[in-house]
A.B. asks: 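Quick one: this structure, given as structure tokens, is what I'll be asking you about.
Note that the coordinates shown come from a computational prediction; the quantities given were computed from them, not determined experimentally. Just follow the structure's listing: the first ligand is 1, and inside any ligand the first atom is 1.
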Amino acid sequence: MKRTKVVDALKSTDYGKEIVVKGWARSHRSSKAVDFIALNDGSTIKNLQVVVDPSAVDAEELKSITTGACIGVEGTLVESQGKGQTVEVQAKKIVIYGLCPNDYPMQKKGQSFEYMRQFAHMRLRTNTFGAVFRIRHNMAIAIHKYFHDHGFYYFNTPLITASDAEGAGEMFQVTTLDLDRVAKEGQVDYSKDFFGKKTNLTVSGQLEGELGATALGAIYTFGPTFRAENSNTPRHLAEFWMIEPEIAFMDKDELMDLEEDFIKYCVQWALDNCMDDLEFLNKMIDKTLLDTLHSVVKESFVRLPYTEGIKILEQAVKDGHKFENPVTGWGMDLNSEHERYLVEQHFKKPVIMTDYPSEIKAFYMKKNPDGKTMQGTDVLFPRIGEIIGGSVREESYEKLLDEIEKRHMKESTYSWYLDTRKYGSCPHAGFGLGFERLILFVTGMQNIRDVIPFPRTPKNAEF
Ligand code: 4AD
Ligand code: MG
């Protein structure tokens with residue numbers, strides 16, 4: 001008999017039908033007359049109750065089905081008398097695929113996320129992580145759908161590259177050199193390395209994305225990116241996924257419209273397609289989650305020039321607000337604490353901060369006529385801080401080259417990039433959304449390590 005998924009069985013009203021369901025026991029309770037097994041197969045947050053008449057199956061086998069065991073059940077779908085579910089399965093036959101010994105790390109309910117991170121390979125089988133990763137999947141679908149429907153092409157950029165897209169030097173090197181030998185003999189011969197070149201894992205697909213946009217009109221990337229920054233925070237990963245749309249002929253106002261429309265679309269998609277999981281997270285993780293998601297799709301984001309933002313922060317200090325990181329005035333780089341103050345306490349809605357000082361931002365951003373600020377458009381979100389980093393790009397060959405030289409970047413590494421400005425240069429703009437930061441926001445989870453199946457952080461790369 002073909003397997004019925006739990007999600008479909010729970011929706012069915014085909015009472016009396018014989019079905020086969022398969023999955024993992026979330027719990028097993030025995031009463032005098034019957035046993036109850038809560039079965040979950042990952043297709044939904046909800047469990048299907050399996051009712052077993054102990055006289056109908058082998059008593060020892062039945063007893064051996066503990067939390068985490070994998071089983072198949074053949075039985076009849078019946079209307080449930082119990083609270084909290086409309087259907088259940090009256091078991092006729094149970095097959096055990098895999099028993100689960102007592103040392104199963106996910107056996108106890110209510111373990112801390114920190115504890116579960118030690119078992120990242122096993123935590124996927126818990127309710128919370130099931131919900132988070134179903135939502136993560138749905139967000140990926142929403143992203144592809146949004147861009148496809150708006151005429152963007154999905155464009156794949158390389159993960160191994162010789163350039164530093166952000167010019168910040170935070171790269172993992174890729175090498176075929178025998179590092180043990182290098183350590184011993186102290187020599188580095190790059191001619192024996194990856195095709196004789198010094199290469200690294202990409203920090204962003206943007207530069208190649210710009211090549212795509214200036215040929216196809218509008219593209220987006222969606223792939224892993226790597227940062228060798230040693231930041232041990234709840235918002236940074238060494239390997240994270242980024243979505244980077246890049247659009248020819250787009251100006252700053254249009255870019256902000258796109259950022260706002262896109263992010264609202266993703267949040268609305270979650271509300272439309274993931275309600276069971278969101279309700280679970282709203283109950284278990286963050287009681288304000290659904291309200292926050294609803295308000296983000298309804299409200300207009302504030303558009304705030306950096307200079308105004310700094311004045312607000314300075315005023316907050318004067319009014320007695322204590323920041324851990326000092327507010328040092330115009331020219332300072334904002335810390336997530338400052339960003340969150342503006343969003344959560346001052347405006348109480350998302351903020352698009354614009355026109356940052358050029359010095360604290362990347363080399364490719366287009367300068368304003370004042371020569372001091374540039375046309376950046378970062379989106380700051382409640383609980384997250386920066387969720388999107390974006391800008392209009394400098395389209396003048398001379399100005400871009402000048403910036404590359406000023407920052408002592410190696411011009412020869414960027415010659416291909418400069419060609420976009422040399423041959424038929426066009427005004428264009430784009431942004432990068434940190435996928436895990438979006439998932440953090442949508443799920444209400446607190447730590448970025450808990451929204452990617454296998455987190456890579458400075459101290460964690462085993463599984
Ligand atoms: O602001 P960032 O560094 O911008 C870029 O990489 C640009 N090339 C994007 C573009 O314009 N195409 O990163 C963009 C976003 C951030 O706003 C943040 O959401 C996320 O990527 N991000 C990280 N997420 C997790 N861990 C990290 N270490 C991250 N660094 C950036
Ligand atoms: Mg940024």
Side-chain angles (χ1 to χ4, degrees), residues 139 143 147 152 155 157 161 163-172 201-213 218-247 250 252 255-256 258-259 262-263 266 306 333-336 338-340 343 350-354 356-357 360-366 374-381 383-394 417 428-442 445 447-452 455-458 460:
M139 289 294 89
I143 287 160
F147 286 122
F152 288 63
F155 189 71
T157 53
T161 165
S163 56
D164 176 0
E166 290 299 294
E170 289 167 338
M171 297 172 300
F172 288 105
L201 293 176
T202 191
V203 293
S204 152
Q206 179 196 320
L207 305 193
E208 293 89 351
E210 289 184 48
L211 288 162
I219 61 92
Y220 70 104
T221 72
F222 186 177
T225 44
F226 308 86
R227 302 265 165 114
E229 54 190 337
N230 199 356
S231 340
N232 228 329
T233 83
R235 276 173 295 277
H236 288 88
L237 288 165
E239 177 180 309
F240 65 99
W241 286 61
M242 189 154 47
I243 295 93
E244 297 187 276
E246 196 68 35
I247 314 94
M250 184 165 267
K252 192 177 84 181
L255 180 65
M256 288 191 282
L258 176 69
E259 290 173 345
F262 166 64
I263 212 160
C266 292
Y306 167 91
D333 204 354
L334 269 72
N335 193 277
S336 81
H338 305 128
E339 296 167 342
R340 290 181 61 178
V343 173
V351 170
I352 308 185
M353 188 172 257
T354 65
Y356 290 81
I360 59 169
K361 289 289 184 182
F363 69 99
Y364 49 70
M365 299 191 181
K366 186 178 170 74
M374 52 49 129
Q375 298 186 20
T377 58
D378 285 5
V379 181
L380 315 180
F381 248 49
R383 292 203 300 104
I384 309 294
E386 183 192 323
I387 194 163
I388 279 181
S391 81
V392 179
R393 318 306 188 190
E394 181 56 70
Y417 179 59
H428 61 288
F431 68 80
L433 167 81
F435 190 44
E436 285 75 19
R437 292 198 186 173
L438 174 68
I439 310 300
L440 266 184
F441 177 72
V442 172
M445 297 295 281
N447 194 310
I448 201 161
R449 294 165 178 80
D450 298 331
V451 296
I452 184 164
R456 294 293 174 260
T457 51
N460 195 340

A.B. asks: Going by the angle between their ring planes, with limits at 30° and 60°, are Tyr306 and Tyr356 parallel, tilted or perpendicular?
C.D. replies: tilted
A.B. asks: Give every residue pair that meets the salt bridge (Lys or Arg N to Asp or Glu O under 4.0 Å) criterion with at least one member in residues 219-234, sequence neighbours excluded.
C.D. replies: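 Not a single pair qualifies under salt bridge (Lys or Arg N to Asp or Glu O under 4.0 Å).
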A.B. asks: Could you check if a side-chain atom of Glu394 sits within less than 4.5 angstrom of a side-chain atom of Lys366, using non-hydrogen atoms only?
C.D. replies: yes
A.B. asks: Sorted by chain and residue number, which protein N/O/S atoms are under 2.8 Å from the Mg ion (ligand 2)?
C.D. replies: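 Those protein N, O or S atoms (cut-off: under 2.8 Å from the Mg ion (ligand 2)) are Glu386 OE2.
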A.B. asks: Distance from Gln375 atom CD to Met365 atom CE, nearest 0.5 Å?
C.D. replies: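 Here the interatomic distance stands at 11.0 Å.
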A.B. asks: Among all residues two or more places apart in sequence or in another chain, which pass the side chain to side chain donor-acceptor pair (under 3.5 Å) test with Arg449?
C.D. replies: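 By the side chain to side chain donor-acceptor pair (under 3.5 Å) rule, Arg449 matches Asn232, Asn447.
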A.B. asks: Name the residues in contact with ligand 1, where contact means a heavy atom under 4.0 Å away: which are they?
C.D. replies: Glu166, Ser204, Gln206, Arg227, Glu229, Arg235, His236, Leu237, Phe240, Met242, Glu244, Tyr364, Glu386, Ile387, Ile388, Gly389, Arg393, Gly430, Phe431, Gly432, Gly434, Arg437, Ile448
A.B. asks: Specify whether Tyr220 and Phe152 have parallel, tilted or perpendicular ring planes, treating 30° as the upper limit for parallel and 60° as the lower limit for perpendicular.
C.D. replies: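 Judged by the thresholds at 30° and 60°, the geometry between Tyr220 and Phe152 is perpendicular.
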A.B. asks: Are side-chain N/O atoms of Thr161 and Ser163 paired as donor and acceptor at under 3.5 Å?
C.D. replies: yes
A.B. asks: Would Gln206 and Tyr364 count as having a side-chain donor-acceptor pair, cut-off 3.5 Å?
C.D. replies: yes
A.B. asks: Are any of the side-chain heavy atoms of Leu433 and Leu438 separated by less than 4.5 Å?
C.D. replies: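 Yes, side chains in contact.
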